[in-house]
Participant: 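One structure is given below, represented as structure tokens, and several questions about it will come after.
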Amino acid sequence: MAGALLTTYRTVIRLCGGPLLPALSFLGRLPTAMCQLGTLLLVARTSGSLATAGLVGGALAAGQTVAGPVVGRLADRLGQRPVVLAAALLNACAVAALVVAALGRAPTVPLAALGAAAGASVPQVGPLARTRTVALARRAGAGERTVSAALSLEGTLDEVSFVLGPALVGVAATVAHPAAALLLASVLLAGCASGFALHPTAKAVAPRRAPARTGAAHAGGAGEPYRRRGTVHGLRASAALQGAMFGACQAGITALTEELGAPGQSGLVYAAMGVMSAVAGIAMASVPVSVGLPLRRRVATGAALVLALPLLVVHSLWGLYVVVVVLGSAYAPHLITLFALTERAVPPSRLGESMAFMTSGIIGGQALALTAAGPLAEDSGPAAAFALAVGAAAAACLLALTSRPDTEPPSPAADTGTDTGTDTGTDTDTDADADTDADADTAVDADTVADTAAGAARAGEAVPDGTAGKAPAAGSAGRALPDGAGARRVPPDS
């Protein structure tokens, strides 16, 4: 199994044109994980006020939550390259300005404004990397297992960045000063996020003109956008609940380690949970495609609820380590499944925006839960904060059990009605150009694409646009197609 998993991830790396793109996207998203804690430590040290530090940190989170989908939408409409380049440079300047202002002991309001600017200008490398990797896989004719592995890889990079980022901040704050960590983040933003923007694979997600809306689309697909809009909103709510679990657990872990006289262990406990989540995320690529995404979502949320219950009764440091490490095994599978369902529910022309919406939901849910769980833990003990995490897990599980997300391609009538309301005309030439660019830039040779397409046809999977052959309605071996396998999806707007 390990050999097959390694082969699958090698395929994903090859589709990305080599390891450079994943490396750049990882280093480009690392500053986002560093800035939240780095800002709190820096402002707390320079101002001497935890309240001021919390306000500035909250402004940074709010800016990222609100502006993230805007950045994603701009990337969908204008292309990732110009948007990420501009955002990376603006973000690097905003973070550097925040450092200078904090060291100069600026008043609270200017600090909060700079924090909000730093959050709003985050280049959203994580969500846009997901969008790009999935687009490369789809254009190369990869099967559902490879697409799932691409999302698993991106989820793992996220988890590792959110473990390594705070660790780097902690080391820099101990060895030198929190300002050093934020300045390092600024350099990474200017260099690696810009490198991600300039990578040749950016052409694979170049904006495409949508076909004009026809009368048939209006009549035949009228109900589909509304059904899928409900699906997308439900997925975003689940992402916010997952973020709430993060925030409540963070508050509870901090309160319990302080109660046990080991406050320095809080970061290590949280990091251990993140490492376990990353391992589980890597393993997600080995789940058979016959196990549908709705089932994966229900299993992950059910496991999170059951595994969170021991948090209510844990009273020792080692017991806390064991509980949170085991709980971490449910986090990445849930998030990876949510992103996979989002990829199926929205049109390619809105995928960057939708991925950014999901990330913003996680950040917003975490910030709100942390704000609520902190006072709860202070007044009633760590169990009160953990109870909030259990409540969020129960709500996510209930939502997964009651929702019926669309995993099938939309009806043909709805496929023709993907007009954004501003663009008109056909996209035949644009698609051809984009496919040519993607094939060249991802360094996938013709034999690899042909083999992938042939394998997909033999297994009964869809053959996406740009590959030879026509996807059969069912597998040649006589088995049913897994959820979501089928023709190239161009769903209506979410």
Side-chain angles (χ1 to χ4, degrees), residues 33-58 60-61 102 159 162-178 181-182 242-277 304 307-328 331 362-363 365-393:
M34 298 172 63
C35 285
Q36 189 68 47
L37 179 60
T39 298
L40 288 172
L41 294 179
L42 174 63
V43 176
R45 179 176 295 192
T46 56
S47 68
S49 170
L50 289 175
T52 300
L55 182 63
V56 177
L60 189 149
E159 293 292 338
F162 279 99
V163 170
L164 183 59
L168 288 175
V169 171
V171 170
T174 302
V175 175
H177 194 278
L182 287 179
Q242 180 71 79
M245 289 187 68
F246 290 150
C249 283
Q250 187 175 352
I253 290 170
T254 302
L256 183 56
T257 52
E258 288 182 355
E259 186 178 276
L260 295 173
Q265 292 286 323
S266 61
L268 294 177
V269 173
Y270 205 70
M273 183 168 62
V275 170
M276 185 62 190
S277 180
L307 297 177
L309 291 174
L311 289 171
L312 300 175
V313 295
V314 67
H315 297 296
S316 67
L317 184 60
W318 287 111
L320 180 63
Y321 267 107
V322 171
V323 171
V324 300
V325 167
V326 175
L327 176 59
Y331 282 164
I362 297 169
I363 294 171
Q366 182 175 7
L368 290 174
L370 189 56
T371 302
L376 279 176
E378 195 171 295
D379 295 339
S380 306
F386 288 139
L388 184 60
V390 172

Participant: Ala172 and Ala181: which non-hydrogen atoms are nearest, and at how many Å?
Facilitator: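 Shortest heavy-atom separation between Ala172 and Ala181 comes out as CB-CB, 3.8 Å.
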
Participant: Which heavy atom in Ala244 sits nearest to a heavy atom in Ala369, and how many Å separate them?
Facilitator: O-CB, 3.3 Å

Participant: Do His177 and Leu42 come within less than 4.5 Å of each other through their side chains, counting heavy atoms only?
Facilitator: yes

Participant: Rounded to the nearest 0.5 Å, what separates atom CG in Leu320 from atom SG in Cys249?
Facilitator: 9.5 Å

Participant: Can you confirm whether Cys35 sits close enough to Leu182 that some side-chain heavy atom of one is under 4.5 Å from a side-chain heavy atom of the other?
Facilitator: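 When only atoms from C-beta onward are counted, Leu182 and Cys35 do touch, with a gap below 4.5 Å.
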
Participant: Distance check, rounded to the nearest 0.5 Å: Leu41 atom CG versus Gln36 atom CD?
Facilitator: 10.5 Å

Participant: Could you report the tightest heavy-atom contact between Ala372 and Pro375, atom names first, then the distance?
Facilitator: O-CD, 3.4 Å

Participant: What distance separates Leu368 CG from Ile363 CD1, expressed to the nearest 0.5 Å?
Facilitator: 12.0 Å

Participant: Report yes if some heavy atom in the side chain of Val314 is under 4.5 Å from a heavy atom in the side chain of Val324; otherwise report no.
Facilitator: no

Participant: Out of curiosity, Tyr321 OH to Met276 CE, how far, rounded to the nearest 0.5 Å?
Facilitator: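 So the gap between those two atoms works out to 15.5 Å.
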
Participant: Nearest heavy-atom pair of Ala251 and Ala373: which atoms, and what distance?
Facilitator: CB-CB, 3.6 Å

Participant: Can you tell which of Leu317, Leu260, Leu256 makes a side chain to side chain contact (heavy atoms under 4.5 Å, CB included) with Gln265?
Facilitator: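 Between Gln265 and the candidates, side chain to side chain contact (heavy atoms under 4.5 Å, CB included) is satisfied uniquely by Leu317.
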
Participant: Under 3.5 Å, is there a donor-acceptor pair between the side chain of Ser277 and the main chain of Met273?
Facilitator: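 Here the side-chain-to-backbone pair does not exist.
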
Participant: Kindly indicate whether the side chain of Thr254, heavy atoms from C-beta on, has any atom under 4.5 Å from the side chain of Tyr270.
Facilitator: no

Participant: Mind checking the CG-CG spacing from Leu370 to Leu388? Nearest 0.5 Å is all I need.
Facilitator: 10.0 Å

Participant: Within a strict 4.5 Å, meaning less than it, do heavy atoms of the Pro310 and Val326 side chains meet?
Facilitator: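 No - every pair of side-chain heavy atoms lies 4.5 Å or more apart.
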
Participant: If you compare all heavy atoms of Ala304 against all heavy atoms of Leu327, which two are closest, and at what distance to 0.1 Å?
Facilitator: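 Minimum heavy-atom contact is O-CD1, 3.6 Å.
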
Participant: Which heavy atom in Pro382 sits nearest to a heavy atom in Glu259, and how many Å separate them?
Facilitator: CD-OE1, 3.5 Å

Participant: Drop me the distance from Leu311's CG to Ile253's CD1, to the nearest 0.5 angstrom.
Facilitator: 7.5 Å

